[in-house]
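What follows is one structure encoded as structure tokens, with my remarks underneath.
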Amino acid sequence: MKHSYFLRRLVMFFVVVILAATLNFIIPRLAPGDPIGAVLEELRARGASTGGDAEDEIVAAYRARFGLDQPVHIQYFRFLFNTLRFDLGHSISYYPQKVERALLRALPWTVGLLAISTLMSFAAGSFFGAMMAWPRAPGFMKRFVPMFMVLSAVPYYLLGLILVYVFAFVMRLLPLGGAYSSGTIPQLDLDFLLDVIRHGMLPALSIVLTSVGFWALGMRGVMVTVLGEDYLTLAEAKGLPDRRIFFAYAMRNALLPQVTSLAIALGTVASGSVLVEVVFNYPGIGWLLYNALRSSDYYMVQGVTFFLILTVAVSVLIVDMIYPLLDPRIER
Amino acid sequence: MIETFIRRGKAAGSYIWRTPKLLLGLVMLGSLLLLGVLGPQFIDVDKARPISVPTRKPPSAEYPLGTDGGGRDVLAVLVVGTPQTLRMGLLAGIVGVVLGTSLGLIAGYFGGRIDMVISTATDTMLTIPPLAILLVVAASVRTMSVENMALIIALLSWMFPARTIRAQVLSLREQPYVHMARLAGLSDIRIIFEEIMPNILPLAAASFVGATSGAILAGIGLEVLGMGPQRTPTLGMTIYWAQLYSALINGLWWWWLPPIIVLIILFVGLFLVSAALDEFVNPRLRRTG
């Protein structure tokens, strides 16, 4: 039984990855826009090309360079093979920049901003949610948690815009956008770090404020069930201090399902980043995807989407693999 | 017949009245609906077209919410844009839930190989981040209209309903009355429609609100990124233009704040209604909070 469970998950992982690669191959090709045409238009706009024979040669050279002159099925298998080796090709707009290099450069920003804010809201939300179900919680807790729940219905980028206006434009406390002040060179010293933190504050705040409610809601649900368990009654009968019952008995057990959601949330961090990064001009993966789409940069779009799907698939796989260890009832 | 209808209507009415969450949510959604329905009676919707009014005027008696950088009256844009957003969400929600419910029913009722194919497809699609796919598809569609945006979004919003409905059907299938119906020689089609369907409708209704809300969220996301419908003024597109022309740092708050407020009312309203419906369907949630 055990083996079939793991095998099924593993097969599904590969199905997702290959499906993702295939979708990535098909969808951009359905687009009416032609990537080579886009490059040519840019050349014309800059006055670098005047059309005619020279232009045909450029088109032919580009097509050969990117393998677009091959039959579709050859293109497909070549693409699949390269993708699985994580060779994502060259960016068309920023040739000869490699897609995976651009990805790796953008990744730390996205992971830094979103992973930290996800962890922060997870910690705060789980605590508040546990408090909501706890009969002896201070009264004010129960009143201000619903506010977070309502906030969780608001898309974070809309809240982000309001926060930028208030804190960056009206009060001039924090920067308007970007990941660091223009003019500074990214390096590892205290000044730069503080600058990055200052820039990350507003996007992080908008994410935390809008996702605390989600974690609180989940935690409350589990906590209600846990509080009805016999071992809790026993802990109370033994006369253990409230604080200890709350943290070591109730919350600790209620956290288990929350951790699963956390792993998945961390996996979707990269794909959730698109809007927040566009609103805040943050140079991460989402920003990269957005710009690639605007300039119809096939390979960049394919590479980024594939990467996004891969991160989600990997985190789901990890959760599925770890979960039976935490809760043996899962393997049927 | 009419009497039961009235009685049920009264019961529903008093339930709404006793549930402040539901009442508040419905009032919020209703006010937005009124804005779209009654708005055109009082406001000249032609002013929602570009270059129909002077640009970047602050709120005044003539333009209650000011005008934007493209020469549109912001209030007129809200009146035209809000119903578009609702229409898109409802359309995507209906298509998504009908698709998801049918697939969930088939998978749960027939089981076996069909179930395996549908469940694997559902799980696979749930893994794929929807916004990434949406962006790529949206960028590939040359002229985006409200309808085809709704359809694209619907194709990515059937998975949650499918999963919920399948789980419910799995347990309903083993109920004594379904066994009875089968022993009585009812066909599968009749069992599905007469015995199982009535019992999953409340669940389908609850997931419909969720799907609609999710669809609007996705749609607004696309619009804010500038990939929504281009012909009709929408709320998200207004925010996109405001962003593009730096309305924020020029202090033109009347350009971007009103659409954001309308959207916040919309999302909070949907959230309240969906939370209330969840409690109705799943009474265990009513105990706390």
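Throughout, a chain's letter reflects where its sequence line sits, starting with A, and its residues are numbered from 1.
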For Met321(A), does the CE atom have more than 12 heavy-atom neighbours from other residues, nucleotides or ligands under 6.0 Å away? yes
Would you say that more than 12 heavy atoms from the other residues, nucleotides or ligands in this model lie under 6.0 Å from the CZ of Arg136(A), or not? yes
Of all of Ile260(B), Val224(B), Leu225(B), which one pairs up most often with chain A through heavy atoms under 4.5 Å apart? Leu225(B)
N/O donor-acceptor pairs under 3.5 Å from side chains in residues 19-29 of chain B, not counting sequence neighbours:
from     : atom 1 : to        : atom 2 : distance (Å)
Thr19(B) : OG1    : Tyr15(B)  : O      : 2.7
Lys21(B) : NZ     : Glu279(B) : OE2    : 2.7

For a 4.5 angstrom cut-off between non-hydrogen side-chain atoms, does Thr120(B) reach Val15(A)? no
Is any side-chain heavy atom of Phe267(B) closer than 4.5 Å to a side-chain heavy atom of Val150(A)? no
What part of [X] gets within 4.5 angstrom of chain A, counting heavy atoms only: side chain, backbone, both, or neither?
| X | value |
| --- | --- |
| Met227(B) | side chain |
| Leu266(B) | neither |
| Leu270(B) | neither |

Counting only non-hydrogen atoms closer than 4.5 Å, can you tell me which residues of residues 165-175 of chain A sit against chain B? Tyr165(A), Phe169(A)
Let me confirm one number: the CG-CG distance from Leu222(B) to Leu275(A), rounded to the nearest 0.5 Å. 8.5 Å
Could you give the distance from CH2 (Trp253(B)) to CG (Leu161(A)), rounded to the nearest 0.5 Å? 15.5 Å
Let's go through Ile162(A) and Ile264(B) carefully: what are the C-alpha distance in whole Å and the side-chain angles of both, what is the deciding distance for side chain to side chain contact (heavy atoms under 4.5 Å, CB included) to 0.1 Å, and is it a yes or a no? CA-CA 11 Å; Ile162(A) 297 178; Ile264(B) 288 180; 4.2 Å; yes
For chain B, the option from Ser315(A), Ala313(A), Ser152(A), Ala153(A) that forms the most heavy-atom pairs under 4.5 Å: Ala153(A)
Where does Val16(A) contact chain B at under 4.5 Å (heavy atoms): side chain, backbone, both or neither? both
Scan for side chain to side chain donor-acceptor pair (under 3.5 Å) pairs involving residues 239-250 of chain B, sequence neighbours excluded, and state none if there are none. Arg294(A)-Tyr240(B)
Do Leu248(B) and Val164(A) pass the side chain to side chain contact (heavy atoms under 4.5 Å, CB included) test, and can you show the C-alpha distance, the side-chain angles, and the key distance before you say yes or no? CA-CA 8 Å; Leu248(B) 211 69; Val164(A) 168; 3.3 Å; yes
Pairing residues for Arg163(B) by the salt bridge (Lys or Arg N to Asp or Glu O under 4.0 Å) criterion, not counting sequence neighbours: Asp123(B)
